[in-house]
Amino acid sequence: MAGFDKVVSSYEEAMAGLEDNMTIIAGGFGLCGIPENLISEIEKRGTKGLTIVSNNCGVDNFGLGLLLPNRQIKKIIASYVGENAEFERQMMSGELDVELTPQGTLAEKMRAGGAGIPAFFTATGYGTPVAEGKEEREIGGKHYILEHAIKGDFAIVKAWKADRYGNLIFRKTARNFNPMAATAGKITVVEVEEIVESGELDPDQIHTPGIYVNRIILGTFEKRIEQRTIQATQ
Amino acid sequence: MAGFDKVVSSYEEAMAGLEDNMTIIAGGFGLCGIPENLISEIEKRGTKGLTIVSNNCGVDNFGLGLLLPNRQIKKIIASYVGENAEFERQMMSGELDVELTPQGTLAEKMRAGGAGIPAFFTATGYGTPVAEGKEEREIGGKHYILEHAIKGDFAIVKAWKADRYGNLIFRKTARNFNPMAATAGKITVVEVEEIVESGELDPDQIHTPGIYVNRIILGTFEKRIEQRTIQATQ
Amino acid sequence: MTLSREQMAQRVAQEIQDGFYVNLGIGIPTLVANYLPAGIEVMLQSENGLLGMGQFPTEETVDADLINAGKQTVTVAKGASFFDSAESFAMIRGGHVDLTVLGAFEVDVNGNIASYMIPGKLIKGMGGAMDLVAGAENIIVTMTHASKHGQSKLLANCSLPLTGKGCIKKVLTDLAFIEIKAGKFHLIEHAPGVTVEEIVKLTEGELVVPAKVPEMKF
Amino acid sequence: MTLSREQMAQRVAQEIQDGFYVNLGIGIPTLVANYLPAGIEVMLQSENGLLGMGQFPTEETVDADLINAGKQTVTVAKGASFFDSAESFAMIRGGHVDLTVLGAFEVDVNGNIASYMIPGKLIKGMGGAMDLVAGAENIIVTMTHASKHGQSKLLANCSLPLTGKGCIKKVLTDLAFIEIKAGKFHLIEHAPGVTVEEIVKLTEGELVVPAKVPEMKF
């Protein structure tokens with residue numbers, strides 16, 4: 001890899017350096033905009049004891065749910081962990097540690113991790129179970145709790161397009177947590193649908209500047225739909 | 001004004017409701033991307049006792065510097081206030097209250113104001129005069145100070161293009177503080193070089209969603225250059 | 001006659017004004033979009049990163065990259081924008097959304113809301129609900145007034161873990177439209193065919209009943 | 001012979017590696033871009049919202065909307081991106097910039113830096129300097145070793161108000177390349193024609209001098 005060319009040619013290379021007990025921050029909301037092939041690579045590697053930071057944990061046989069059967073996940077920090085029978089089993093049996101975090105707080109914690117903000121106050125969760133053990137403070141007559149930043153050893157991200165320098169463009173609501181995740185990994189790996197030459201993307205239209213990105217890989221995606229909802233035909 | 005059409009037709013209308021002693025958050029870096037006609041309108045209105053939050057304070061006869069001769073500014077929160085003789089005079093004589101704030105902290109304070117984050121920790125300014133009177137805290141072995149959000153009665157913003165719903169696109173480094181300023185005003189007024197119909201901007205390429213914007217006005221701009229630097233011809 | 005889900009949505013829709021940015025939760029709140037008053041424009045915010053949510057797609061326009069917060073495929077309305085989750089919750093937390101409509105298990109006289117967790121039952125998570133209730137200035141909770149077993153959901157004190165503290169001011173149930181002020185419920189309207197007595201009976205928290213209680217209009 | 005401004009920039013440039021994202025302050029740091037080693041690629045970050053700063057424009061390409069942090073008109077390099085100031089300082093504060101080069105009035109043995117304010121003189125502000133020193137993992141300070149009056153700028157304790165505390169590890173002066181470790185200055189290289197004795201004489205803070213001090217190479 002010379003200069004800023006961040007393109008790697010195999011998923012093995014993309015996830016090189018991943019070790020047991022690391023923390024991985026993942027983009028995606030439900031199954032939308034998830035780094036599906038990077039997740040499959042983690043499944044294949046069999047890495048164990050992982051802490052996963054992601055809004056959701058996939059479904060039984062897709063997305064982060066793939067890491068459950070072999071018990072690769074030790075802990076997950078997520079806002080909603082519904083649609084997954086194996087997940088529920090491991091959570092109820094105590095095999096899996098689940099830290100529920102409000103969605104906006106989770107997004108802000110990732111952003112803070114990337115932005116060098118170690119902690120911030122938010123009204124979200126004040127007076128709820130989320131506030132337990134956290135500092136509370138009244139500011140300007142309103143109540144807030146202190147939340148801390150999250151950083152990962154790896155961030156795994158799905159973008160639409162990248163240039164070779166790692167500048168990223170996301171597509172529609174597949175953007176979601178991906179830009180924040182990209183900033184918060186010591187090593188940020190991004191899989192994309194298209195790689196263009198550097199200089200081809202409009203500098204005004206880049207969602208994530210390449211400075212946050214370490215590796216880029218071109219993938220093909222199933223893009224499974226969780227709730228396919230179609231208008232009644234007229 | 002019906003629905004989401006936020007276009008107003010005069011600068012008078014654009015700044016309607018501005019009163020003495022209000023706080024105004026302004027976009028712009030140096031003279032780049034400043035809401036120059038909105039500033040002129042404030043000069044014209046003669047509003048006094050203003051608190052201005054802006055990275056800089058313009059120059060003697062352009063930008064926010066226009067508000068100095070008639071002493072319209074009571075206080076300015078800025079990171080750098082160099083190039084302005086009248087500014088220096090008023091600061092040295094104590095007529096003008098200047099609160100110097102590091103540039104990144106200023107940007108983050110505006111963002112926090114808009115994002116409902118009342119306060120955040122940052123390493124910036126720890127151990128310096130900026131830390132005086134502020135809470136200090138060690139987190140993960142590093143030292144931080146607590147900084148609070150800034151909100152304005154008005155935010156004045158310069159964008160490149162807008163649609164009638166107030167969705168904004170900025171151009172090159174004229175973006176700077178404008179997107180954060182746009183989120184932090186009770187009333188956010190934006191002047192632009194072009195207004196297009198709603199639906200004409202690509203939803204993936206909007207820098208500031210219209211939800212933050214209250215009024216849009218079409219302007220013409222001098223765009224004065226502070227340091228015109230040209231390559232030696234070969 | 002208690003209100004149907006559709007009638008509840010219809011009554012909530014009357015609270016929406018022209019030019020409102022609105023976040024509609026899953027369930028009854030989602031139905032509100034079907035009953036918007038004629039001639040007004042509304043933009044729907046979906047907290048997964050979309051302002052200007054449109055209708056469901058057709059078979060031809062369905063797009064896996066375009067879903068709402070309920071993970072359903074959707075389309076965009078005119079003037080829509082996409083953004084990341086941090087920006088989305090900046091909008092919500094920063095109070096930029098004009099109206100939020102969401103469901104709940106319980107609400108109490110102090111404006112507390114419990115909506116995400118029943119101890120002993122499977123906990124799926126709060127999603128964006130805690131952010132929504134903490135950030136919005138204007139929230140309408142929609143829920144049935146009481147459980148199937150006749151237990152009030154409008155309480156003196158919420159019994160379930162809270163989603164938010166002191167943040168709810170309006171509740172629309174299948175029986176009544178209620179406001180919360182100064183530590184009390186206030187009966188604003190009753191559903192057609194529902195008596196004030198029935199409402200009082202099914203409201204556990206202190207309920208202030210004015211001399212004349214208007215009937216909801218549709 | 002003390003180093004010229006250009007030589008100082010040239011020596012700093014040797015510290016830059018292929019693929020580095022670099023923020024160059026105003027003055028000598030700016031000159032560093034002219035001396036990048038052959039065959040390496042560097043992207044310059046300008047804290048007003050540009051990654052991938054290019055050369056100065058021609059008369060034809062000058063654009064008021066495209067300036068650097070020194071407010072000079074510039075152009076963009078291949079693969080550049082624009083962003084807002086919050087994002088720009090997220091990069092800086094978050095430690096994503098590989099190398100920051102900036103000037104100073106004083107540096108001390110504890111890595112403190114004073115660079116923005118001389119009491120009694122007009123205070124123009126810190127701009128982005130406090131953010132840069134607090135956020136960067138890797139900073140090189142460039143400054144003359146001593147004032148015109150022979151007063152050392154490498155001190156036991158900074159006398160001026162600080163820009164940052166405990167954040168500087170490398171200083172390149174017109175006399176020497178110095179590292180700061182464990183509360184002491186360490187002499188790494190001397191400028192050609194400058195003796196170790198001269199450096200010792202003009203360094204007020206404790207200076208560790210190894211048995212053999214290499215001469216800077218250009």
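Lettering follows sequence order; numbering is per chain, from 1. Just so it is clear, the structure is predicted and the values come from calculations on it, not from any experiment.
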Within 45° cone of [Y] ring axis and under 6.0 Å: [X] NZ or CZ:
X: A:Lys158; Y: A:Phe221; value: yes
X: A:Arg175; Y: C:Phe83; value: no
X: C:Lys170; Y: C:Phe177; value: no

Heavy-atom pairs under 4.5 Å with chain A, option from [options] with the top count:
options: C:Lys124, C:Gln55, C:Lys165, C:Met130; result: C:Lys124
options: C:Ser46, C:Gly128, C:Gly49; result: C:Gly128
options: C:Val62, C:Leu50, C:Ile67; result: C:Ile67
options: C:Gln72, C:Glu59, C:Lys71, C:Glu87; result: C:Lys71

Please state whether the side chain, the backbone, both or neither of [X] comes within less than 4.5 Å of a heavy atom of chain C.
X: A:Ile230; answer: both
X: A:Asn56; answer: side chain
X: A:Met92; answer: side chain

Test your reading of the model: is there a side-chain donor-acceptor pair from C:Ser152 to the backbone of C:Leu155, 3.5 Å cut-off?
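Pair absent, no side-chain N/O of C:Ser152 close to backbone of C:Leu155.
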Part of C:Asn68 within contact of chain A (heavy atom distance under 4.5 Å)
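Just the backbone, heavy atoms under 4.5 Å.
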By a 4.5 Å heavy-atom criterion (distance strictly below it), what part of C:Leu132 contacts chain A: side chain, backbone, both, or neither?
neither
